[in-house]
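Only one structure is covered here, and it is reproduced in the block below.
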Amino acid sequence: MATNGNSQSSTAHLTTPTPLTGAEILWATLAGEGVTDVFGYPGGAILPVYDALRKFPIRHILVRHEQGAAHMADGYARASGRVGVAMATSGPGATNLVTGIATAMLDSIPMVCVTGNVPTRVLGTDAFQEVDITGVTLPITKHNFLVTRTEDVAATLRHAFQIARSGRPGPVLVDITKDAQQGSANFNFEAAKPRPYRPHPMLRVEDSGLDQAAELIRNAKRPVILAGHGVMESGAMEQVRTLAERAQIPVALTLLGLGGFPASHPLNLGMMGMHGEAWVNDAIQEADLLIACGMRFDDRVTGTPATYALKAKKIHIEVDPAEINKNVKVDVALVGDLAEVLEQLLPRIAGRDGAAWLKAIEASKGAVAVHDIKNLPDMGHLYAAHVMHDLWRMTGGDAVVVTDVGQHQMWEAQYFRHERPRTLITSGGLGTMGFALPAAIGAKIACPEKEVWVVAGDGGFQMTAAELATIVQEKIKINIALINNGYLGMVRQWQEFFYERNYEATPLVCPDFVKLAGAHGIAARAVHKRAEVAEAVAAARSAAGPYLIDFQVEKEDAVYPMIPAGSALHEMIRRPGKRVKDPLEETADE
Amino acid sequence: MLHTFVVYVEDKPGVLTRVASLFRRLNININSLTVGRSERAGLSRITLVCEASAEAGHRIRASLFKLENVVDVDDISQAPAVTRELALIKVAASPQTRAQIFDLVEVFRARIVDLTSESLMIEMTGVESKIEGLIEVLREDEGRILEICRSGKMTMRRGHHVSSVVKAMTVTPAGSADESAEAREKNVAGEAD
Ligand SMILES: Cc1ncc(C[n+]2csc(CCOP(=O)(O)OP(=O)(O)O)c2C)c(N)n1
Ligand SMILES: [Mg+2]
């Protein structure tokens with residue numbers, strides 16, 4: 001994919017007259033592939049590689065846990081579109097990568113993980129720190145390799161980069177035995193070039209399909225574009241926008257699609273799915289045509305497939321043929337790179353009058369806005385939604401926000417309005433708690449000029465909080481907005497709704513996060529009232545170093561609306577009207 | 001329904017695991033799997049039969065293609081094709097009872113490939129139902145069958161159809177014309193993994 005390649009540095013044509021060690025070949029190949037930063041953690045089986053690092057112009061970021069390395073490489077890739085690289089030793093180092101690899105796999109993130117392994121002669125003997133990591137990661141990588149010969153290091157790595165960034169991107173793991181790192185071989189970067197990438201043989205964009213799609217669009221009365229992560233992966237922002245504007249079609253976004261179409265655009269409906277706004281899901285349920293662009297009809301956006309958008313014909317534009325008709329049956333499938341397909345489709349699309357449908361959707365918003373927490377007074381409480389809204393206003397929507405997983409993630413998606421692609425980095429498919437802090441480190445290293453904010457819950461933050469030390473050691477300026485509700489909030493919400501408020505194992509005792517930050521030498525403060533939000537955010541933004549804000553928010557707030565798992569999109573739970581405990585609702589009902 | 005796929009894969013360690021793992025991942029049981037060398041050096045040919053819904057065929061084929069080591073996939077569930085299976089069956093037979101088995105073997109167009117004073121080995125090639133038929137008859141005498149080894153199905157499209165992908169690959173064909181019978185047999189039993 002054109003937008004997805006690392007820029008090839010001048011070392012790309014590097015060929016050495018004398019043989020190099022496998023370890024040196026590894027770094028030279030990474031440099032040739034345009035890699036400037038690697039996230040890793042050393043150990044015995046990868047020591048030859050670390051020993052050779054000093055000879056190469058590559059920055060190594062020492063993490064505190066290999067899961068962090070994988071998330072950093074992932075965040076790096078999501079922020080920049082370049083391939084992220086993580087490195088670990090054999091055995092426990094390699095297995096610690098697993099959650100991060102699966103996270104990247106589920107969200108189609110280009111990433112290369114390099115692991116060391118025990119010497120070839122003891123492979124398969126349960127040698128010290130030996131784990132069959134290619135076996136372990138087989139179902140969670142796009143592909144993986146075991147390299148046992150020094151001569152294969154360069155070609156395998158180059159192939160790994162090609163696989164990671166081509167077609168539907170994904171993580172690739174390269175496991176290299178210690179003897180392959182130590183042996184020596186000739187190095188010729190050009191000669192190690194992989195065969196030309198073979199696109200998936202089932203890609204299919206036929207004229208008949210394009211004509212059919214154009215006709216469906218022409219005849220539709222209530223069309224909706226569903227824009228997903230593929231918009232970013234393919235770099236199809238312009239094409240989607242042109243389609244929407246020309247044919248006057250409103251655009252609903254998946255969680256990972258946020259930023260792919262400007263939030264402020266009049267045709268932007270907002271996020272669809274489980275915590276999407278009512279008018280978005282209602283529009284989808286009422287639609288007579290859905291144009292799915294780079295999204296995969298995940299269960300979090302469809303609710304029960306049997307009740308999903310039954311009135312709508314469906315056009316699916318998707319790069320992965322295995323996604324066609326997987327969750328939702330479609331009428332027209334255009335299987336190819338989104339930007340390229342839309343380029344072919346657009347000449348067939350004429351102007352359309354969409355006013356009636358747009359007006360109907362606009363009208364359906366009416367009552368909802370009044371109940372929107374963003375428009376309600378805080379009555380002395382601190383609501384996460386208000387924090388997100390204020391953070392968005394103060395940063396002008398320009399910041400890169402990296403969220404963790406839980407209620408705060410949904411509030412961010414609802415109240416931080418993303419104008420540009422790659423400004424929201426979040427684990428959508430796997431929903432990995434602990435993702436935010438390390439992924440934000442990766443994002444900041446990929447894009448040092450950007451303002452980067454972590455938005456994390458008190459639960460998930462503690463899963464990878466050890467990386468606070470990494471940001472100090474590596475002098476990384478990021479800001480951390482901790483949404484501290486004293487609970488595993490999203491799980492507590494499910495217990496509230498579906499398990500009779502049996503709050504089993506969800507109340508959290510947390511450390512004093514301000515002191516925790518302080519112990520690392522990171523500036524921090526706690527915020528208890530909405531009135532203090534702006535000042536704290538301003539302090540964080542103007543601080544030279546990293547900054548943590550412990551937002552002590554309402555403890556038992558819930559994310560609304562919500563479609564219970566297994567329900568239809570229009571069967572949503574709304575913010576209750578009569579919870580006397582809730583001062584917001586008292587005002588809203590007046 | 002029963003789906004039959006012919007899959008060309010690179011002949012490298014671990015490739016069969018990747019193919020098998022895909023079916024495990026999709027929670028689809030593999031009914032039959034045959035792997036051996038193909039007409040091209042470096043490529044193995046898999047015949048895989050599995051039970052799955054009619055719609056599953058597209059996704060299985062598309063997912064197989066996503067495996068890095070898969071070169072070509074042909075879904076021949078509906079296509080006119082020749083399907084064969086090979087079975088080796090060891091049965092207990094004394095010099096006195098052999099004659100009856102010889103007759104059976106004759107009727108089923110199988111052949112005897114090994115003989116001892118207590119047992120003999122039958123080799124049979126054919127469609128599944130024919131092999132089942134022979135086994136059924138042999139079973140009439142309880143305890144007679146000592147061992148059964150079946151190859152699983154091998155399938156090839158009828159007519160002049162060949163894999164255009166494999167044809168386009170500029171590699172030399174595996175083996176040569178004077179390939180021994182033994183080598184040809186190995187083709188059937190070979191392993192990609
Ligand atoms: C690694 C992992 N374990 C468990 C879960 C299940 N889970 C989803 S959200 C959530 C609660 C998150 O709590 P917190 O980080 O405090 O965020 P909040 O929902 O309170 O905003 C849990 C436990 C998960 N997504 N990831
Ligand atoms: Mg919490």
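Here the structure is a predicted model, which means the values were calculated and not measured.
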Largest heavy-atom contact set with chain B, pairs under 4.5 Å, which of A/Lys142, A/Arg198, A/His159: A/Arg198
Contact leader toward chain A among B/Arg25, B/Glu55, B/Arg61, B/Arg24, where contacts are heavy-atom pairs under 4.5 Å: B/Arg61
Candidate list B/Val113, B/Thr97, B/Asp114, B/Ile112, test side chain to side chain contact (heavy atoms under 4.5 Å, CB included), partner B/Leu120, passing option: B/Ile112
Where A/Asn117 and A/Val131 come nearest, the two heavy atoms and their spacing: ND2-O, 3.5 Å
Test item: A/Asp320 side-chain N/O and A/Ala322 main-chain N/O as donor-acceptor pair under 3.5 Å: yes
Interface moiety of A/Ile324 toward chain B, non-hydrogen atoms closer than 4.5 Å: both
Salt bridge present between A/Asp298 and A/Arg296 (N-O < 4.0 angstrom): yes
